[in-house]
Amino acid sequence: MHDFRDNSIIDLTINGAQNIANGLIPLASTGSYMKIGDDSQVTINNQTTTNQSVLFGLSGSNSPVTIGDSDVTINNNAVAATRLLENIKLNLENTTGQSPHTIYRGVSLTEKDQTKTTYPFVHFDSTIGTTNATNSSDTTFKTKFESHTSTQNIVQLHLHDPLLPEIITLINTGGLPTDDAQKFKFALNGTATPASELTLNFLSAAGQSLLKGPAKAAAANQAFDYQFESDLPTQPNQIVVEANYPAPYALTTPVRKVLKDIPAGKLGFLAAPTHLDFGSLPLTNSQSPLYPYTKTADTSLIVSDPRATTRGDWAIQINLKQPFTAGQATLDNALIWRKNQTTKPLVAGQPQQLYSKAAHAPIQPGADETDLTDLLHETVQTQFPAGPKQTATPYTAELELMLITAPN
């Protein structure tokens with residue numbers, strides 16, 4: 001029984017010719033085991049000249065070797081048939097029970113042909129016995145370790161601190177927001193270090209988090225698919241994907257990849273109508289009643305003010321650019337302005353004020369959104385004047401929505 005407690009320092013070298021048949025470190029008796037506690041440094045060197053397994057367990061039962069958060073190196077000799085492990089159940093787990101958690105290690109495998117493969121962040125357990133099987137958070141490591149079922153071709157197994165996570169590939173599938181966007185939704189996918197966590201973050205110039213999305217774990221096959229929907233922060237920021245490890249391995253400063261630099265938010269239309277449809281109206285030579293347009297999702301009028309400092313005066317004005325026309329025929333005074341108990345025709349070049357908002361400091365983080373959809377619907381209507389009308393051609397007019405801002 002080999003029980004190396006937390007903070008152990010072990011340097012064991014076995015050399016020369018060996019004649020015993022139960023391995024260099026025999027664990028073949030019933031109840032035999034090896035435990036290596038957390039924060040230990042253990043090196044086992046096989047410098048013998050004979051074919052003996054380094055760790056030799058109980059046939060049919062597979063003696064347990066349990067390794068905590070420690071740096072452990074097992075070096076094998078160059079004899080072709082020598083096995084690193086035989087009849088061993090190898091586990092990465094907390095050995096003291098004081099702070100139980102799944103153990104993750106960086107793992108480096110060096111083969112006898114000097115091929116070296118390093119895996120940054122791996123949890124695994126492996127049985128090297130009559131039947132061989134490996135379970136791992138990293139399918140690439142699982143495949144590699146299972147390809148060395150007898151461990152004869154491994155000259156070094158090194159368990160060490162996790163390496164920095166890596167964002168290996170990153171594809172923007174949904175379109176990043178434009179500089180003046182107020183709301184956005186976009187998707188990312190790609191590959192990252194297995195078992196690491198990917199988080200979408202918005203960082204200020206000082207590196208502070210302005211708006212953080214939920215973490216998305218990179219699966220064992222390294223793939224992730226991330227979709228995010230939110231308001232943009234009001235400050236200048238960078239949209240960043242961060243890679244980190246779960247506790248207790250979380251890095252103070254995650255690995256970051258900048259997707260886009262976003263300038264300070266600007267006052268602007270979050271939504272504005274592109275088409276107001278008054279439908280088909282009865283044909284008559286007399287003056288028609290007042291008709292509103294049909295409200296649809298495309299007739300929304302919303303102003304967003306995401307400015308981080310004092311948000312200055314602004315107003316929305318409506319200007320008639322072109323009256324109702326059908327071919328060469330024109331219907332003057334057919335678009336009507338109804339507001340504050342006043343009903344009058346809209347006249348080209350004489351903008352009318354729909355709404356105004358006084359300067360104010362931000363009440364809470366994020367953009368102020370002012371929804372003027374209903375107000376616009378109540379205010380802009382149509383009333384066809386008396387007289388003949390065109391019947392075969394639809395009448396169309398053009399309105400201009402103007403967002404007027406104070407100098408600041």
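This chain uses plain numbering: 1 for the first residue, then up along the sequence. Keep in mind that what you see is a predicted model, and the values were worked out from it rather than measured.
- Atom OG1 of Thr139 sits about 11.0 Å away from atom CD of Glu146, to the nearest 0.5 Å.
- Residues Ile168 and Thr193 come closest through the heavy atom pair CD1-N, 4.3 Å.
- Note: Trp314 and Tyr355 have tilted aromatic rings, judged against thresholds of 30 and 60 degrees for the angle between ring planes.
- Below 30°, between 30° and 60°, or above 60°: for Tyr249 and Tyr104 the angle between ring planes is above 60°, a perpendicular geometry.
- Looking only at side-chain heavy atoms (C-beta outward), Thr149 and Ile128 stay at 4.5 Å or farther from each other.
- The side-chain contact (heavy atoms from CB on, under 4.5 Å) search around Leu164 returns Leu251, Val255, not counting sequence neighbours.
- Looking at every heavy atom in both residues, Asn244 comes nearest to Pro254 through ND2-CG, 3.6 Å.
- Side chain to side chain, Asp11 and Thr43 fail the donor-acceptor criterion of an N or O pair below 3.5 Å.
- Expressed to the nearest 0.5 Å, how far OG of Ser209 lies from CG of Asn201 amounts to 3.5 Å.
- Judged purely by atom type and a 3.5 angstrom limit, Asn77 uses its side chain to pair as donor or acceptor with the backbone of Thr48.
- Side-chain contact check for Pro177 versus Ile239: some heavy-atom pair is nearer than 4.5 Å.
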Donor-acceptor pairs are to be reported for all side-chain atoms of residues 278-299 against protein atoms at under 3.5 Å, with residues two or more places apart or in another chain.
from, atom 1, to, atom 2, distance (Å)
Thr284, OG1, Ser286, N, 3.1
Thr284, OG1, Ser286, OG, 2.9
Ser288, OG, Phe384, N, 2.7
Tyr293, OH, His377, N, 3.1
Lys295, NZ, Asp374, OD1, 2.4
Thr296, OG1, Asp298, N, 3.2
Thr299, OG1, Thr296, N, 3.1
Thr299, OG1, Thr296, O, 2.8

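- In terms of heavy-atom proximity, Thr118 sits nearest to Ser108 at OG1-OG, 3.2 Å.
- Here the CZ-OG distance, from Phe202 to Ser230, works out to 6.5 Å after rounding to the nearest 0.5 Å.
- Taking OG1 of Thr405 as the reference point, atom CG of Leu267 lies at 6.5 Å (rounded to 0.5 Å).
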For this session: Walk me through it: do Lys89 and Asp125 pass the test salt bridge (charged side-chain N to carboxylate O under 4.0 Å, His left out)?
Result: CA-CA 7 Å; Lys89 175 71 171 176; Asp125 60 75; 3.6 Å; yes
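- Side-chain contact between Phe124 and Ser137: absent, with no pair of heavy atoms (C-beta onward) separated by less than 4.5 Å.
- Once rounded to the nearest 0.5 Å, the distance linking CG of Leu159 with CG of Leu90 reads 7.0 Å.
- Contact annotation: the side chain of Asn75 never approaches that of Leu84 to less than 4.5 Å [non-hydrogen atoms, C-beta and beyond].
- Remark: the backbone N or O of Glu111 is not paired with any side-chain donor or acceptor of Thr115 at under 3.5 angstrom.
- Summarising the local packing, NZ of Lys216 is surrounded by 12 or fewer heavy atoms from other residues, nucleotides or ligands at distances under 6.0 Å.
- A donor atom on one side chain and an acceptor atom on the other are found under 3.5 Å apart for Thr325 and Gln322.
- Between Ala218 and Ala192, the closest heavy-atom pair is CB-CB, 4.0 Å.
- Atom CG of Leu346 is separated from atom CG of Leu320 by 6.0 Å, given to the nearest 0.5 angstrom.
- Judged purely by atom type and a 3.5 angstrom limit, Asn319 has no side-chain atom pairing as donor or acceptor with the backbone of Lys321.
- A donor atom on one side chain and an acceptor atom on the other are not found under 3.5 Å apart for Thr342 and Asn340.
- Side-chain contact between Ile67 and Asn91 is absent, with no heavy atoms from C-beta onward closer than 4.5 Å.
- Side chains of Glu86 and Ser53: a donor-acceptor N/O pair is present below 3.5 angstrom, by distance only.
- Residues Leu354 and Lys339 share a closest heavy-atom pair of O-CE, 2.9 Å.
- In this view, Val240 and Leu203, Gln238, Glu242, Arg256, Val258 satisfy the side-chain contact (heavy atoms from CB on, under 4.5 Å) rule, not counting sequence neighbours.
- Side-chain contact between Thr82 and Lys112 is present, with heavy atoms from C-beta onward closer than 4.5 Å.
- In this structure, Phe186 has its ring center under 6.0 Å from that of Phe184.
- Between the side chain of Ser136 and the backbone N or O of Asp138, at least one donor-acceptor pair lies under 3.5 Å.
- Contact between Glu378 and Gln381 at its shortest, heavy atoms only, is O-NE2, 3.3 Å.
- The shortest side-chain heavy-atom distance between Phe56 and Ser63 does not fall under the 4.5 Å cut-off.
- Here the options are His158, Arg105, His160, the test is side chain to side chain donor-acceptor pair (under 3.5 Å), and the partner is Asp71; only His158 passes.
- Contact check on Lys257 versus Glu166 returns no salt bridge, with no Lys/Arg side-chain nitrogen under 4.0 Å from an Asp/Glu carboxylate oxygen.
- Two residues are said to be in side-chain contact when any heavy atoms from C-beta on lie closer than 4.5 Å; Leu200 and Leu259 meet this criterion.
- Around atom NZ of Lys260, more than 12 heavy atoms belonging to other residues, nucleotides or ligands sit under 6.0 Å away.
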Exercise. After noting the C-alpha distance and the side-chain angles of Val79 and Thr50, does the key distance pass the side-chain contact (heavy atoms from CB on, under 4.5 Å) rule?
Worked result: CA-CA 7 Å; Val79 177; Thr50 52; over 6 Å; no
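- Listed for the Ser40 side chain is a donor-acceptor partner under 3.5 Å among the backbone atoms of Ser8.
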